[in-house]
Visitor: 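Could you have a look at this structure, given as structure tokens, before my questions?
Keep in mind it's a predicted model, so treat the numbers as computed, not measured.
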Amino acid sequence: MAITPMSENFSKWYNDIVYKADLASQSEVRGSMIIKPYGYELWENIKSGLDYRFKETGHKNAYFPLFIPESYLQKEAEHVEGFSPELAVVTIAGGKELEEPLIVRPTSETIIMHAFSNWIQSYRDLPLLLNQWANVVRWELRTRPFLRTSEFLWQEGHTAHATQTEAEEETAQMLDVYADFAINEAAIPVIQGRKSVREKFAGAVYTTTIEAMMRDGKALQSGTSHYLGQNFAKAFDIRFLDKDQERKYVYTTSWGLSTRMVGAVIMTHGDDKGLRLPPVIAPIQIVVVPIYRKEEQRSLVMDTVDKLTAQFKAVGIRFHVDDSDQSPGYKFNDWEMRGVPIRLEIGPKDVEKNQAVLVRRDIDGRDAKSFVSQDGLVETVQNMLVDIQANLLQQATEFRDSNIVEVDTYNDFKSVVDAGQWAKVWWNENSDLEKQVKNETTATHRCYPFDLQEEGTGKNFLTGEAADQIALFSKAY
RNA sequence: CGGGGCAUAGCUCAGCUUGGUAGAGCGCUCGCUUUGGGAGCGAGAGGCCGUCGGUUCGAGUCCGGCUGCCCCGACCA
């Protein structure tokens, strides 16, 4: 029943929340999971926050096929090499061996770029701004619910532009969209930055990322936006006739965010009692627990509950009334474990006094509880939801900031990384040395953070040479 | 892909050493009593013991094959 404490075993704590809060369950298929209604509602709320932003920035949704001809994937050399170990391939269909195997998409650059090459003829066709919501398959050897599964849900945006500048602006804009969503809706204080060459998307010129710090100090890449240059345009011959009468290759971008975000929410906000959900994306924002002994009390209490929830409904507060047969104490623990931001208790005493008891999930102890008037309750609740949202972001931000440590020697680096913190260092791009660091410490290059760059140069923590960029290293999911 | 472990009720597991009619806790169903921080009592339902084969009068238990899952490592957008 109870959840394994985080301090005892973080992985177990995570799995306990996923399964006991009914977000997902294990499926019969290796490495796959069933997303249950409560988990899927959370994903739907994430989806709608993103989809709204995509539309606001001029993108349209479309849908491309699940199956991709093998030859498409092979057109971009680095891309195919990056994905080939984890592809699921269909070789037999309809009882016959296929002439050309079909790949179950690990991502859709190739099939979408193939379509783009037919659709784009003139500068008037640009920019082309598309997004698709889809499932993709990557045959991972080691899987964890939401963080890494063989099949997962995501969105992938694909755009084509006339100029490099425009494509790079798009790449940056969509990373901003992700960061805005993560910070303001998921209450996750992400760090924006550029990936090292070793960590970038196969086929990209460069990759930008939002990195989040989990409660165990590990980093989670929570969304990525890639500038693809003309790599795919050349591989798929996507050319347009420009105003100056010249045929030119387009510049493309792609960007994606997956159900992994659910894992990020769990591991950013959760505590030993279970999940803590930011009100903006919580499937249930307030749970009502009626309390009564006798039947007369029950109808009295329920009348008040009906009156109050009608007000919630009118203003769009997402509520749930738990009138099951469980004891109140059971319900309190259960809904805290499921991360509902506010609990409302209504008993005979409250009905009599025209009051209600509110308990907020983001605070521990007595301070979490308040006795408020039923008059103006909707406003009280709305204000509290806003306050909880802000408080979760603040708690996560303070945790993150206190766990990023500046180091300039390899020894300090090792102890910081071993302590589960992030190392902020001076660094020069070098894939071989990055690999060495990973082998020796298990920490990886997370990104070159845009907001933490400094003028001039500093001492590379590994080589001691002068370095011109600030990088973050840490253990990661 | 290398090393180790496991497969028995919805879940967690015992039973195997030493073969003899399938067990516990939790959960579930029904009834009564309860209800402001994980309630109590009583009754009940629920299993081709992963699968195929072998040994035996008799296999959850012993032997072999297969399949699946978990952990550690390696790999990894």
Side-chain angles (χ1 to χ4, degrees), chain A residues 1-4 9 11-12 15-16 19-20 25-33 78-87 106-107 109 136-144 147-150 152 154 156 195-204 206-209 211 219-226 254-258 260 273-274 288-295 297-298 301 322-338 343-353 355-359 364-366 368-369 371 435 438-439 442 444-447 476-477:
Chain A
M1 215 65 213
I3 291 183
T4 306
N9 184 336
S11 309
K12 203 146 185 260
N15 284 333
D16 279 356
Y19 299 128
K20 290 183 178 172
S25 69
Q26 288 176 330
S27 83
E28 305 305 306
V29 183
R30 197 199 73 96
S32 304
M33 66 170 173
E78 191 193 353
H79 186 65
V80 67
E81 195 186 330
F83 279 108
S84 57
E86 50 189 66
L87 295 178
T107 177
E109 271 76 6
V136 289
V137 168
R138 298 177 186 178
W139 212 253
E140 302 289 351
L141 295 176
R142 196 114 179 230
T143 60
R144 304 197 57 194
L147 299 177
R148 181 178 284 109
T149 46
S150 292
F152 58 93
W154 77 343
E156 46 181 322
K195 283 290 186 188
S196 68
V197 170
R198 185 178 143 80
E199 298 279 335
K200 78 176 175 69
F201 172 69
Y206 63 81
T207 290
T208 60
T209 177
E211 297 284 325
L220 184 71
Q221 177 181 297
S222 308
T224 48
S225 182
H226 315 289
S254 68
W255 26 277
L257 186 148
S258 73
R260 185 179 245 203
K273 287 194 282 190
V288 181
V289 179
I291 291 159
Y292 45 78
R293 287 169 195 266
K294 301 167 190 155
E295 191 52 35
Q297 290 180 331
R298 187 190 127 87
V301 166
D322 186 355
D323 58 352
S324 68
D325 289 338
Q326 301 287 4
S327 70
Y330 179 92
K331 293 175 187 174
F332 297 167
N333 286 290
D334 193 50
W335 290 109
E336 279 168 4
M337 191 262 293
R338 289 167 201 270
R343 175 175 75 247
L344 171 63
E345 300 172 21
I346 287 272
K349 284 185 248 171
D350 303 308
V351 173
E352 200 180 306
K353 295 185 199 164
Q355 69 170 24
V357 180
L358 293 181
V359 185
D364 283 330
R366 276 203 193 81
K369 203 170 205 171
F371 298 83
K435 187 168 187 176
K438 189 196 170 179
N439 288 341
T442 74
T444 50
H445 188 295
R446 300 320 304 158
C447 68
Y477 281 99

Visitor: For A:K195 and for A:T143, locate the closest nucleotide of RNA chain B by heavy-atom distance; then report the residue assigned to the nucleotide nearer the 5' terminus.
Guide: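 Counting from the 5' end, the first nearest nucleotide belongs to A:T143.
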
Visitor: Dot-bracket for RNA chain B: what is it, with Watson-Crick or G-U pairs under 3.5 Å, [ ] where a pair crosses earlier ones, and | for a pair to another strand?
Guide: (((((((..((((......[..)))).((((((.....)))))).....(((((..]....))))))))))))....

Visitor: Which residues pass the side chain to side chain contact (heavy atoms under 4.5 Å, CB included) test with A:A476, not counting sequence neighbours?
Guide: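 Result, side chain to side chain contact (heavy atoms under 4.5 Å, CB included) vs A:A476: A:A219, A:T444, A:R446.
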
Visitor: With a non-hydrogen cut-off below 4.0 angstrom, is A:R343 in contact with a base, only sugar-phosphate, or nothing?
Guide: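 Base contact - A:R343 has a heavy atom under 4.0 Å of at least one base atom.
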
Visitor: Kindly point out which of B:rA77, B:rG36, B:rC28 is positioned nearest to the side chain of A:R138?
Guide: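 For A:R138, the side-chain atoms sit closest to B:rA77.
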
Visitor: Could you work out the separation of B:rC52 and B:rA59 based on their C1' atoms and round it to a whole Å?
Guide: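 Those two atoms are separated by 15 Å.
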
Visitor: Please give the distance between the C1' atoms of B:rU17 and B:rU12 as a whole number of Å.
Guide: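 24 Å, rounded to whole Å.
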
Visitor: Determine the Euclidean distance between corresponding C1' atoms of B:rC62 and B:rU18; express it in Å to zero decimal places.
Guide: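 To the nearest whole Å, 11 Å.
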
Visitor: Take atom CH2 of A:W139 as the centre, draw a 6.0 Å sphere, and report whether it contains more than 12 heavy atoms from other residues, nucleotides or ligands.
Guide: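 Open: at most 12 neighbouring heavy atoms sit under 6.0 Å from CH2 of A:W139.
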
Visitor: Only counting residues at least two apart or in another chain, list the ones meeting side chain to side chain contact (heavy atoms under 4.5 Å, CB included) with A:Q326.
Guide: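 A:Q326: side chain to side chain contact (heavy atoms under 4.5 Å, CB included) contacts with A:S324, A:Y330, A:K331.
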
Visitor: Can you name the residues that form a side chain to side chain contact (heavy atoms under 4.5 Å, CB included) with A:T149, not counting sequence neighbours?
Guide: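 If we apply the side chain to side chain contact (heavy atoms under 4.5 Å, CB included) test to A:T149, skipping adjacent residues, the hits are A:M33, A:F152.
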
Visitor: Among residues at least two apart in sequence or on other chains, which ones pass side chain to side chain donor-acceptor pair (under 3.5 Å) with A:S150?
Guide: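 For A:S150 there are no side chain to side chain donor-acceptor pair (under 3.5 Å) partners, ignoring immediate neighbours.
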
Visitor: Tell me whether B:rC48 sits syn or anti, counting syn as a glycosidic angle within 90° of 0.
Guide: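 Syn, since the glycosidic angle lies within 90° of 0.
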
Visitor: Please give, in whole Å, the distance from B:rC11 C1' to A:K20 NZ?
Guide: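 Spelled out: NZ on A:K20 to C1' on B:rC11 is 10 Å.
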
Visitor: Keeping the roles fixed (side chain from A:R260, backbone from A:L147), state whether a donor-acceptor pair exists under 3.5 Å.
Guide: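 Yes; judged by distance alone, with no hydrogens or angles, the pair exists.
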
Visitor: Could you measure between the two P atoms, the one in B:rG4 and the one in B:rA77, and give it in whole Å?
Guide: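 About 29 Å, rounded to a whole number of Å.
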
Visitor: Taking only residues two or more places apart in sequence, or in another chain, which ones meet A:E140 in a side chain to side chain donor-acceptor pair (under 3.5 Å)?
Guide: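 In terms of side chain to side chain donor-acceptor pair (under 3.5 Å), with neighbours along the sequence ignored, A:E140 is linked to no residue.
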
Visitor: Could you check whether A:V357 gets within reach of a base, just the sugar-phosphate, or nothing at all, counting any heavy atom under 4.0 Å?
Guide: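 Since a base atom lies under 4.0 Å of A:V357, the category is base.
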
Visitor: Which is true for A:E336 with a 4.0 Å heavy-atom rule: it touches a base, it touches only sugar-phosphate, or it touches nothing?
Guide: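 Touches a base.
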
Visitor: Taking atom P of B:rG40 as reference, at what distance in whole Å does atom OH of A:Y330 sit?
Guide: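 Rounding to the nearest Å, OH of A:Y330 and P of B:rG40 are 13 Å apart.
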
Visitor: Assign A:D325 to base, sugar-phosphate, or nothing according to its heavy-atom contacts below 4.0 angstrom with the strands shown.
Guide: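 Contact class for A:D325: none.
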
Visitor: So if I take every side-chain heavy atom of A:D334 and compare against B:rC28, B:rG38, B:rA77, which nucleotide ends up nearest?
Guide: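 Selected nucleotide: B:rG38.
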
Visitor: Measure NZ/A:K294 against P/B:rG36 and give the value in whole Å, please.
Guide: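 Rounded to the whole Å, the gap is 14 Å.
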
Visitor: Within the supplied structure, the quantity of interest is the number of heavy atoms (other residues, nucleotides, ligands) at a distance under 6.0 Å from A:E81 CD; does it exceed 12?
Guide: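 Counting other residues, nucleotides and ligands, CD of A:E81 stays at 12 neighbours or fewer.
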
Visitor: Rounded to whole angstrom units, what separation is found between the CD atom of A:Q355 and the C1' atom of B:rG36?
Guide: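 The answer, rounded to whole Å, is 11 Å.
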
Visitor: Could you point out which residue of A:E211, A:H445, A:H226 forms a side-chain hydrogen bond (donor to acceptor under 3.5 Å, both in side chains) with A:K195?
Guide: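 Testing A:K195 for a side-chain hydrogen bond (donor to acceptor under 3.5 Å, both in side chains) against A:E211, A:H445, A:H226 leaves exactly one candidate, A:E211.
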
Visitor: At less than 4.0 Å, is any side-chain N or O atom of A:S327 found next to OP1 or OP2 of B:rA39? Yes or no.
Guide: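 Checking A:S327 against B:rA39: at least one side-chain N or O falls below 4.0 Å of OP1 or OP2.
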
Visitor: Can you tell which of A:V351, A:D350, A:L344, A:V301 makes a side chain to side chain contact (heavy atoms under 4.5 Å, CB included) with A:P290?
Guide: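 Single pass found, and it is A:V301.
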
Visitor: Using a cut-off of 4.0 Å on non-hydrogen atoms, how would the nucleic acid contact of A:T207 be classed: base, sugar-phosphate, or nothing?
Guide: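 Touches a base.
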
Visitor: Taking atom P of B:rU33 as reference, at what distance in whole Å does atom OH of A:Y292 sit?
Guide: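 For the pair A:Y292 OH and B:rU33 P, the rounded distance is 15 Å.
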
Visitor: Report all interatomic pairs (protein N or O, nucleotide N or O of nucleotides 29-32 of chain B) with separations under 3.5 Å.
Guide:
none

Visitor: Looking at B:rA77, B:rC76, B:rG36, which one has an atom nearest to any side-chain atom of A:R148?
Guide: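 Closest of the options to the side chain of A:R148: B:rC76.
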
Visitor: Please give the distance between the C1' atoms of B:rG15 and B:rG53 as a whole number of Å.
Guide: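 B:rG15 and B:rG53 have their C1' atoms separated by 24 Å.
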
Visitor: Taking the minimum atom-to-atom distance to the side chain of A:N333, which one of B:rG38, B:rU35, B:rA77 wins?
Guide: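 Of the options given, the side chain of A:N333 lies nearest B:rG38.
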
Visitor: How far does the C1' atom of B:rU8 sit from the matching atom of B:rU55, given to the nearest Å?
Guide: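 It comes out at 22 Å once rounded to the nearest Å.
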
Visitor: Starting at the 5' end of RNA chain B and moving along, which residue's nearest nucleotide shows up first, A:N15 or A:E199?
Guide: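 In this pair, the answer is A:N15.
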
Visitor: Taking side chain to side chain contact (heavy atoms under 4.5 Å, CB included) as the test, write out the residues that go with A:N333, two or more places apart.
Guide: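 For A:N333, the residues satisfying side chain to side chain contact (heavy atoms under 4.5 Å, CB included) (neighbours in sequence not counted) are A:E336.
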
Visitor: Which nucleotide in the set B:rU35, B:rG37, B:rG38 lies at the smallest distance from any side-chain heavy atom of A:F332?
Guide: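 Selected nucleotide: B:rG37.
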
Visitor: Using the P atoms only, state how far B:rC63 lies from B:rA7, rounded to an integer number of Å.
Guide: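 Going atom to atom, P in each nucleotide, I get 14 Å.
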
Visitor: Give the nucleotide from the list B:rU35, B:rG38, B:rG37 with an atom nearest to the side chain of A:V359.
Guide: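 Of all the options, the side chain of A:V359 is nearest to B:rG37.
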
Visitor: Check side chain to side chain donor-acceptor pair (under 3.5 Å) between A:N15 and all other residues, then give those that pass, not counting sequence neighbours.
Guide: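 Applying side chain to side chain donor-acceptor pair (under 3.5 Å) to A:N15 gives none.
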
Visitor: Once you apply a heavy-atom cut-off of 4.0 Å, does A:K349 come out as touching a base, just sugar-phosphate, or nothing?
Guide: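 Contact class for A:K349: base.
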
Visitor: Calculate the interatomic distance between A:H445 atom NE2 and B:rC76 atom P; express it in whole Å.
Guide: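 A:H445 atom NE2 is separated from B:rC76 atom P by 17 Å.
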
Visitor: What is the distance, to the nearest angstrom, from the CD1 atom on A:I346 to the P atom on B:rG36?
Guide: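 Interatomic distance, CD1 of A:I346 to P of B:rG36: 16 Å.
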
Visitor: With respect to the side chain of A:E86, which nucleotide from B:rG37, B:rA77, B:rG38 is positioned closest?
Guide: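 Side chain of A:E86 sits closest to B:rA77.
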
Visitor: I'd like the P distance from B:rA24 over to B:rG31, given in whole Å.
Guide: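 These two P atoms come out 24 Å apart once rounded.
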
Visitor: How would you label the contact of A:P348 with the nucleic acid (heavy atoms, under 4.0 Å): base, sugar-phosphate, or nothing?
Guide: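 Answer is base: heavy atoms of A:P348 come under 4.0 Å of a base.
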
Visitor: Taking CG from A:N439 and C1' from B:rC76, how many angstroms apart are they, rounded to a whole number?
Guide: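 Checked: the CG to C1' distance equals 13 Å.
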
